[in-house]
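Below is one structure, written out as structure tokens; the observations come after it.
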Amino acid sequence: MTSTSHTHGPQRCGLDALGQFDEIVDVRTPAEYADDHIPGALNAPVLSNEERVLIGTMYAQESPFKATRLGAALVARHIAEYLETIFADRPRSWRPLIYCWRGGKRSGAMTAWFNLIGWRARQLDGGYKTWRRHVIDTLAERPAGLDCIVLTGPTGSGKTRLLQSLGASGAQILDLESLARHRGSLLGALPDQPQPSQRGFESALLQAIEALDPARPVFVEAESRRIGQLSLPEALLRAMHAGRCVRVQAALPHRIAFLLQDYAHLFDTPDVFGQTLERLIGLHSRQTIRDWQALIAAGRRADLFQALVEAHYDPAYRRSSGSHYSGLDQALVFDYDPTAADDQAQARALIEQLHIPA
């Protein structure tokens, strides 16, 4: 990482010093933290969500002085609470890096108090905004150096399972759907797992990319520009589109059996499942959607998935697959059984076929 500022005071530092600290402390509100934060940071908010709104309203509508005075009292109260709880066991030698939104009063107050106590605390110059700028700039450049091997193939061929088995077999992978907490299709939402914010996704993606060895190829699953509600960075899409391709193919019965395993949760809420399919009206007739909804109601799971594969997913794959990936014409075709117990053996076979050193 490179520092974005060269005017650090004695209690300030830039991102280039991130690795020198024992802990990173985010003092922003829980809502700000939930939206995005430096990976690994501990949230110790010096103002609650409601208190920050109250202070902001008072500052704008009544008096900046009154708002600052009340804010100082609230911040001091929270810092005192943390000194008796979450930070009570930190040793004398502890070195925390503290940040707020832009490196102002909230992180400055905690940094000052921690240094008075005797800890060697520092404040991140520019706060979270410095981190966010680093994420944007790095994601615009770093993916260009990736040697991508892209797993392509129709829905149900088990690309995600193969990708994860490749990782377990020692290959380098970038699991975008895991980071996005979404399988990438209309039915791809995961049960009880909301997607992260766009900013949170990008911070996690940056951390994953920075952990990669650029000298080794990285396996990644073919994706469109969006995974659920999240957008992929343009530089990463370009690197994927320029990469080598593997065409993963599986027999139709294996694909149906795999989908029945992977999407079984959809039948836990059949009404919601049926309503979701209505979003395909326009691509398919209302009668077709009603026929599929009737299969859900009748519990005819295998018939439904076969109909979806043959009438929706496979035609969509044929329309879109060749439009972006320049290496698809020269792709290695890999026969895969996503239902087999020996998934790591299949992954190792693919690694050997691609002549990738261990």
Side-chain angles (χ1 to χ4, degrees), residues 1-49 51-56 58-59 63-138 199-200 202-203 206-207 210:
M1 294 182 180
T2 56
S3 172
T4 57
S5 174
H6 301 284
T7 58
H8 314 315
Q11 293 187 2
R12 289 177 173 267
C13 67
L15 284 175
D16 51 344
L18 211 58
Q20 300 174 15
F21 293 91
D22 300 317
E23 198 162 9
I24 303 169
V25 181
D26 183 330
V27 302
R28 297 174 306 151
T29 64
E32 291 171 294
Y33 178 86
D35 181 66
D36 185 31
H37 54 269
I38 297 176
L42 167 73
N43 190 209
V46 294
L47 291 175
S48 69
N49 298 330
E51 288 166 347
R52 185 166 184 251
V53 171
L54 173 65
I55 297 300
M58 183 180 291
Y59 191 97
S63 159
F65 173 73
K66 287 176 65 177
T68 302
R69 184 179 62 194
L70 176 58
L74 294 170
V75 166
R77 206 167 293 152
H78 286 298
I79 293 175
E81 175 194 344
Y82 297 141
L83 289 172
E84 295 175 335
T85 55
I86 57 177
F87 300 129
D89 63 348
R90 301 305 191 267
R92 170 68 180 83
S93 60
W94 184 52
R95 294 201 66 197
L97 176 65
I98 301 164
Y99 73 92
C100 59
W101 180 253
R102 58 172 64 87
K105 293 178 180 177
R106 287 185 287 174
S107 57
M110 185 175 278
T111 303
W113 273 108
F114 281 12
N115 279 293
L116 285 170
I117 290 166
W119 289 317
R120 295 165 65 197
R122 294 293 179 268
Q123 182 182 15
L124 178 60
D125 209 1
Y128 167 79
K129 293 185 75 173
T130 294
W131 168 255
R132 180 64 185 153
R133 174 48 55 192
H134 167 70
V135 171
I136 293 170
D137 291 348
T138 309
R199 284 187 288 240
E202 289 172 1
S203 285
L206 173 65
Q207 185 181 36
E210 289 190 324

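All of these numbers come straight from a predicted model, not from anything done at the bench. Values below: every heavy atom of this structure, side chains too, minus hydrogens, waters and symmetry copies. Starting from 1, each residue takes its place in the sequence as its number.
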Side chains of residues 93-103: which donor-acceptor partners sit under 3.5 Å, not counting sequence neighbours?
| from | atom 1 | to | atom 2 | distance (Å) |
| --- | --- | --- | --- | --- |
| W94 | NE1 | E23 | OE1 | 3.3 |
| Y99 | OH | D26 | OD2 | 2.6 |
| Y99 | OH | I38 | N | 3.1 |

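In this structure the side chain of R28 reaches within 4.5 angstrom of the side chain of H37, judged on heavy atoms. Side-chain contact check for Y128 versus R199: some heavy-atom pair is nearer than 4.5 Å. Residues V135 and R132 have side chains in contact (heavy-atom distance under 4.5 Å, counting atoms from C-beta outward). Contact of the V46 side chain with the L74 side chain is not registered, since no non-hydrogen atoms from C-beta on lie closer than 4.5 Å. Taking 4.5 Å as the limit, some side-chain heavy atom of T138 sits within range of a side-chain heavy atom of E210.
The two atoms that bring T111 and A121 nearest to each other are CG2-O, 3.9 Å, heavy atoms only. Counting all heavy atoms, side chain and backbone alike, A41 lies closest to Y33 at O-OH, 2.7 Å. The minimum heavy-atom distance linking W131 with S203 is given by the pair NE1-OG, 3.0 Å.
Atom CD of Q11 and atom OG of S107 lie 10.5 Å apart (nearest 0.5 Å). With rounding to the nearest 0.5 angstrom, the CG atom of L54 is 8.5 Å from the OG atom of S48. Between K129 atom NZ and L124 atom CG the span is 13.0 Å, to the nearest 0.5 Å. Taken to the nearest 0.5 Å, the CH2 atom of W119 stands 7.5 Å off from the CZ atom of F87.
Not one N or O on the side chain of E51 forms a donor-acceptor pair closer than 3.5 Å with the backbone of G71. In this structure a side-chain-to-backbone donor-acceptor pair under 3.5 Å is missing from W113 to G108. A donor-acceptor pair is defined here as one N or O able to donate and one able to accept, closer than 3.5 Å; no such pair exists between the side chain of D35 and the backbone of G200. Checked by atom type and distance alone, the side chain of T130 pairs as donor or acceptor with a backbone atom of D125 at under 3.5 Å.
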Exercise for the section: Would you please test V75 and K105 for side-chain contact (heavy atoms from CB on, under 4.5 Å) and show each step? Expected result: CA-CA 10 Å; V75 166; K105 293 178 180 177; over 6 Å; no
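For R122 and F21, the positive end is not near the middle of the six-membered ring at less than 6.0 Å and at most 45° from its axis.
Residues R106 and E32 are paired through a salt bridge, judged by an N-O separation under 4.0 Å between the basic side chain and the carboxylate.
A parallel orientation is assigned to the rings of Y82 and H78, their planes being inclined by less than 30° (bins at 30° and 60°).
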